[in-house]
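Have a look at the structure below before the remarks.
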Amino acid sequence: IPGYGDSPPVEMVVTAQGRRTFLDHVLQELGMQRPVLVSPSMSGRFALPFLLAHGDQLAGFVPIAPVGTKDYTAEQYRRVQTPTLILYGDRDTRLAPQALQNLQHLPEHRVAVLSGAGHACYLDKPVDFHQALLGFLRQLK
């Protein structure tokens, strides 16, 4: 994620609009058409603005306890028709409940909870994570 960890700071990602535009450019450069966007943790700062503005360009959305869910209203989430799998570990007691509380307003959502997994549930329970993800992908049009 630009601006996080060891990556250099990028001016355009300072605002939600800039992060949305950045992600839009990445998807265009990769030539992706109707991808499924998987968004763990800090990537929520990019994925959520994109979802709310361009959710119709996605075949699906898989938020994994993303940050920033409280920055948007229930009404904004209700307008999104993108099929969504809200996925998190049951040991993530800080970010996951907040994300679920906000993301549950997405009308086309379902929830998968990985038992015994923490915030990085895909690392803690990779087999369970992949089963949930592949099950969701199989049901997409």
Side-chain angles (χ1 to χ4, degrees), residues 1-30 32-141:
I1 298 175
Y4 295 99
D6 294 331
S7 66
V10 178
E11 190 64 35
M12 84 178 295
V13 302
V14 173
T15 65
Q17 181 177 350
R19 291 186 296 271
R20 180 186 77 218
T21 300
F22 177 83
L23 183 54
D24 190 33
H25 287 321
V26 168
L27 296 177
Q28 285 181 26
E29 284 296 314
L30 294 173
M32 303 193 83
Q33 296 181 3
R34 297 201 31 88
V36 173
L37 184 58
V38 178
S39 176
S41 197
M42 291 302 290
S43 69
R45 293 268 184 230
F46 291 78
L48 292 169
F50 185 87
L51 174 74
L52 294 173
H54 303 296
D56 59 331
Q57 295 178 23
L58 299 172
F61 179 55
V62 183
I64 307 165
V67 301
T69 61
K70 67 182 183 307
D71 296 345
Y72 305 98
T73 66
E75 185 53 43
Q76 285 176 292
Y77 287 119
R78 284 188 196 104
R79 287 189 221 124
V80 176
Q81 296 301 312
T82 308
T84 300
L85 173 65
I86 301 169
L87 202 137
Y88 63 94
D90 67 353
R91 291 189 178 166
D92 183 355
T93 57
R94 291 183 47 202
L95 195 53
Q98 179 186 85
L100 177 62
Q101 180 181 4
N102 295 305
L103 295 172
Q104 69 185 348
H105 297 291
L106 292 166
E108 299 295 323
H109 84 272
R110 66 184 199 200
V111 178
V113 182
L114 302 186
S115 180
H119 183 63
C121 61
Y122 40 88
L123 296 177
D124 294 341
K125 298 286 185 168
V127 172
D128 296 343
F129 170 79
H130 285 102
Q131 285 178 339
L133 179 60
L134 290 172
F136 174 69
L137 295 176
R138 283 186 201 106
Q139 292 191 344
L140 295 176
K141 297 173 187 167

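Surrounding CD of Glu75 are more than 12 heavy atoms belonging to other residues, nucleotides or ligands, all under 6.0 Å away. A 6.0 Å sphere centred on CZ of Arg91 holds no more than 12 heavy atoms belonging to other residues, nucleotides or ligands.
Looking at Ser39 and Phe46, their side chains never come closer than 4.5 Å, going by heavy atoms from C-beta outward. Looking only at side-chain heavy atoms (C-beta outward), Val127 and Gln131 come within less than 4.5 Å of each other. Using a 4.5 Å heavy-atom cutoff, the side chains of Tyr72 and Asn102 are not in contact. Side-chain contact between Phe50 and Leu27 is present, with at least one heavy-atom pair separated by less than 4.5 Å. The shortest side-chain heavy-atom distance between Tyr122 and Leu87 does not fall under the 4.5 Å cut-off. Counting heavy atoms from C-beta outward, Leu137 and Val36 have side chains that approach closer than 4.5 Å.
Judged by distance alone, with hydrogens and angles left aside, the side-chain atoms of Thr84 form a donor-acceptor pair with the main-chain N or O of Thr82 at under 3.5 Å. Judged by distance alone, the side chain of Asp124 and the main-chain N or O of Gly118 form a donor-acceptor pair under 3.5 Å. Side-chain atoms of Thr69 never come within 3.5 Å of backbone atoms of Leu103 as a donor-acceptor pair (strictly under, hydrogens ignored). Under a 3.5 Å cut-off, the side chain of Arg34 and the backbone N or O of Gln57 do not form any donor-acceptor pair. In terms of modelled atom types and a separation under 3.5 Å, the side chain of Arg19 and the main chain of Arg45 share a donor-acceptor contact.
Here the closest non-hydrogen pair linking Cys121 and Gly89 is CB-N, 3.7 Å. Heavy-atom minimum distance, His119 versus Asp92: ND1-OD2, 2.6 Å. Heavy atoms only, all atoms of each residue included: His109 and Ile86 are closest at CD2-CD1, 3.6 Å. Here the closest non-hydrogen pair linking Pro107 and Gln81 is CG-NE2, 3.5 Å. Ala132 and Leu85 make their closest contact through O-CD2, 3.7 Å (heavy atoms, listed as atom of the first residue, atom of the second, distance). A pairwise comparison of heavy atoms in Ala96 and Tyr88 identifies CB-CD1, 3.5 Å as the closest pair.
We find the OG-CG distance between Ser43 and Leu23 to be 9.0 Å, quoted to the nearest 0.5 Å. The CD1 atom of Ile64 lies 11.5 Å from the CG atom of Leu95; values are rounded to the nearest 0.5 Å. The distance from the CZ atom of Phe22 to the OG1 atom of Thr15 is 12.5 Å, given to the nearest 0.5 Å. The CD atom of Gln76 sits 5.5 Å away from atom CG of Leu52, with the distance rounded to the nearest 0.5 Å. In this structure, Glu108 CD and Arg78 CZ are separated by 14.0 Å, a value rounded to the nearest 0.5 Å.
Defined by atom type and a distance below 3.5 Å, a donor-acceptor pair is present between the side-chain atoms of Asp24 and Gln28.
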>> Let's go through Leu100 and Val111 carefully: what are the C-alpha distance in whole Å and the side-chain angles of both, what is the deciding distance for side-chain contact (heavy atoms from CB on, under 4.5 Å) to 0.1 Å, and is it a yes or a no?
In response: CA-CA 9 Å; Leu100 177 62; Val111 178; 3.8 Å; yes

